[in-house]
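Written below as structure tokens is the structure these notes are about.
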Number of protein chains: 2
Amino acid sequence: MCNNFKQYLRSYGLNVTVPRLKVFRFLEINDLTTVSAVINHLSGQADRASIYRTISHFRKLGIIHDVVAGGKRMIELTDRFSSHHHHLSCLKCGRSEVVADHKLETDLERISEKKGFRAVSHQIEISGICASCQDD
Amino acid sequence: MCNNFKQYLRSYGLNVTVPRLKVFRFLEINDLTTVSAVINHLSGQADRASIYRTISHFRKLGIIHDVVAGGKRMIELTDRFSSHHHHLSCLKCGRSEVVADHKLETDLERISEKKGFRAVSHQIEISGICASCQDD
DNA sequence: CATTAATTTGCAAAAAAGTCGCAATTAGAT
DNA sequence: ATCTAATTGCGACTTTTTTGCAAATTAATG
């Protein structure tokens with residue numbers, strides 16, 4: 001997936017640099033993270049300003065997108081760089097489970113078409129109480 | 001809907017105050033707005049700090065929730081205080097259309113059940129190019 | 001409707017998050 | 001190995017959000 005990323009950057013005329021690779025690798029390991037988590041994790045290895053610039057590039061190139069989970073703004077790799085999925089976020093323990101459902105996707109396509117909308121991406125966040133938290 | 005809101009605040013032991021009412025009314029009129037839009041609009045009528053405190057209360061009480069639309073973090077009233085709907089956001093012009101689709105809702109319920117998840121709420125954001133922007 | 005206790009506001013100051021210009025460094029092409 | 005353009009790191013700065021506290025407001029009570 002990382003080579004894919006390098007090619008992708010180059011195809012947009014952007015250089016493959018150390019900070020960009022470090023941010024990308026962090027995102028590969030940490031699905032659904034925050035900007036400040038990236039900054040903290042790379043503290044001493046990459047400058048805040050570069051991380052912000054990198055994240056802003058990644059957003060524009062569709063490498064990452066923003067998600068709201070549990071009231072917090074988070075970022076994650078897009079489908080192009082991780083497998084397409086959505087989240088069930090538990091309001092109690094804060095954890096997120098991954099969901100991938102074909103029928104749901106079909107429905108979304110139908111809705112976009114009906115409106116003459118050319119859908120590029122979508123995201124779904126379900127909030128509630130997960131199975132294990134219901135037992136407490 | 002506004003009386004509903006007053007009762008709701010009181011049921012949580014919170015006072016009905018002028019700034020809280022003003023923020024709520026603004027949200028009733030402006031579906032899918034930003035914190036800074038609220039601050040700008042109420043400039044001179046309510047202090048920034050109070051608005052932040054109000055919004056943070058509203059979030060905790062489930063009066064509003066956060067949504068990412070067009071890469072921006074936005075807020076809107078929850079289903080309890082506005083009719084249940086989702087958004088199609090245009091990446092070009094930035095506008096959002098409202099979607100309400102029964103079949104989609106049924107699908108989401110099925111998914112939660114399958115995972116033993118007790119869903120409380122959900123949100124869906126579809127990004128793409130709207131019909132009128134496709135013509136340009 | 002006057003009084004009171006608790007909540008909430010507005011203000012000012014501080015912390016946190018994000019942006020920008022520029023000299024020094026690095027990536028990639030030759 | 002050299003060159004050029006892109007990118008980084010730094011520091012200063014702007015914007016956004018949070019906090020403490022005195023003054024004002026809410027809602028309950030007589």
Side-chain angles (χ1 to χ4, degrees), chain A residues 2-27 30 32-61 63-76, chain B residues 2-27 32-61 63-75:
Chain A
C2 195
N3 289 323
N4 189 1
F5 164 70
K6 290 179 184 173
Q7 287 182 336
Y8 194 75
L9 276 189
R10 290 208 189 90
S11 77
Y12 279 94
L14 292 178
N15 289 348
V16 176
T17 67
V18 175
R20 286 173 186 163
L21 271 170
K22 286 192 172 167
V23 171
F24 184 76
R25 288 205 196 99
F26 182 76
L27 294 172
N30 301 277
L32 213 52
T33 187
T34 61
V35 175
S36 65
V38 178
I39 291 172
N40 286 338
H41 184 259
L42 295 183
S43 153
Q45 301 183 72
D47 190 72
R48 253 196 357 277
S50 299
I51 296 175
Y52 277 115
R53 283 182 289 228
T54 295
I55 285 177
S56 145
H57 267 129
F58 284 12
R59 245 196 291 262
K60 275 181 201 144
L61 301 190
I63 293 173
I64 63 170
H65 63 172
D66 299 79
V67 178
V68 172
K72 277 184 299 185
R73 184 209 199 143
M74 317 204 76
I75 54 174
E76 71 174 352
Chain B
C2 194
N3 289 322
N4 188 2
F5 165 70
K6 290 180 183 173
Q7 287 181 337
Y8 194 76
L9 275 189
R10 291 210 187 89
S11 77
Y12 278 95
L14 292 178
N15 290 348
V16 175
T17 67
V18 175
R20 284 173 188 163
L21 273 170
K22 286 191 171 167
V23 171
F24 183 75
R25 289 206 196 99
F26 182 76
L27 296 172
L32 211 53
T33 188
T34 61
V35 175
S36 65
V38 178
I39 291 171
N40 287 338
H41 184 260
L42 296 183
S43 155
Q45 302 184 70
D47 191 72
R48 258 195 348 277
S50 299
I51 295 175
Y52 276 113
R53 282 182 290 227
T54 294
I55 285 177
S56 144
H57 268 127
F58 283 11
R59 244 197 292 264
K60 275 181 202 145
L61 301 191
I63 293 173
I64 63 170
H65 64 172
D66 298 78
V67 177
V68 172
K72 277 184 299 182
R73 185 211 198 141
M74 316 204 77
I75 54 173

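Note on naming: letters A, B, ... go to the chains in the order of the sequence lines (proteins, then strands), and numbering restarts at 1 for each one. These numbers come from the heavy atoms of this one structure, side chains and all, not from hydrogens, waters or symmetry mates.
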What integer distance in Å separates Arg53(A):CZ from dC20(C):C1'? 8 Å
Can you check whether Leu61(A)'s main-chain N or O pairs, donor with acceptor, with Tyr8(A)'s side chain at less than 3.5 Å? yes
One should read off an interatomic distance between Lys6(A) NZ and Leu21(A) CG, to the nearest 0.5 angstrom, of 5.5 Å
So Arg10(B), base contact, sugar-phosphate only, or nothing? Heavy-atom distance under 4.0 Å. sugar-phosphate
From His65(A) NE2 over to Phe58(A) CZ, what is the distance, rounded to the nearest 0.5 angstrom? 14.0 Å
Send over the distance from Leu9(A) CG to dG28(C) C1', rounded to a whole Å. 14 Å
Under the 3.5 angstrom rule, does the side chain of Thr54(A) hit a backbone N or O of Ser50(A) as a donor-acceptor pair? yes
How long is the line joining CD1 of Ile75(A) and P of dA17(C), in whole Å? 14 Å
For Leu14(B), which contact category applies under a 4.0 Å heavy-atom criterion: base, sugar-phosphate, or nothing? sugar-phosphate
Axial bend angle, the helix from dC1(C)-dG30(D) to dT30(C)-dA1(D): five-pair end segments, nearest 10°: 50°
Rounded off to whole Å, could you give me the CD1-to-C1' distance for the Ile39(A) and dA15(C) pair? 15 Å
For chain A, the stretch of DNA chain D it reaches, first to last nucleotide, under 4.0 Å of its heavy atoms: dA6(D) to dA12(D)
Specify the separation, in whole Å, of atom CZ of Arg48(B) and atom P of dA14(C). 14 Å
Whole angstrom value for the distance that separates P of dT7(C) from NE2 of His57(B): 11 Å
dT19(C) P sits how many Å from Tyr52(A) OH, rounded? 7 Å
Salt bridge Asp66(B)-Arg73(A), side-chain N to carboxylate O under 4.0 Å: no
Where the side chain of Arg20(B) is defined as all heavy atoms beyond and including C-beta, which of dA27(C), dT8(C), dC22(C) is the nearest nucleotide? dT8(C)
Are Leu9(A) and Thr17(A) packed together at the side-chain level, in the sense that at least one heavy-atom pair is separated by less than 4.5 angstrom? no
Any side-chain heavy atom of Ile75(A) within less than 4.5 Å of one from Thr34(A)? no
Is the shortest side-chain N/O distance from Thr17(B) to OP1 or OP2 of dT9(C) below 4.0 Å? yes
Round to a whole Å and report the spacing from CG of Asn40(A) to C1' of dA16(C). 12 Å
Please list, one pair per line, the donor and acceptor atoms closer than 3.5 Å that link side chains of residues 38-49 of chain B to other protein atoms, with sequence neighbours excluded.
from	atom 1	to	atom 2	distance (Å)
Asn40(B)	ND2	Ser36(B)	O	3.3
Gln45(B)	OE1	Lys22(B)	NZ	3.1
Asp47(B)	OD2	Ala49(B)	N	3.0

Between Val35(B) and Asn15(B), the residue closer to the 5' end of DNA chain D by nearest nucleotide is Val35(B)
Straight-line distance of Ile64(A) CD1 to Glu76(A) CD, nearest 0.5 Å: 10.0 Å
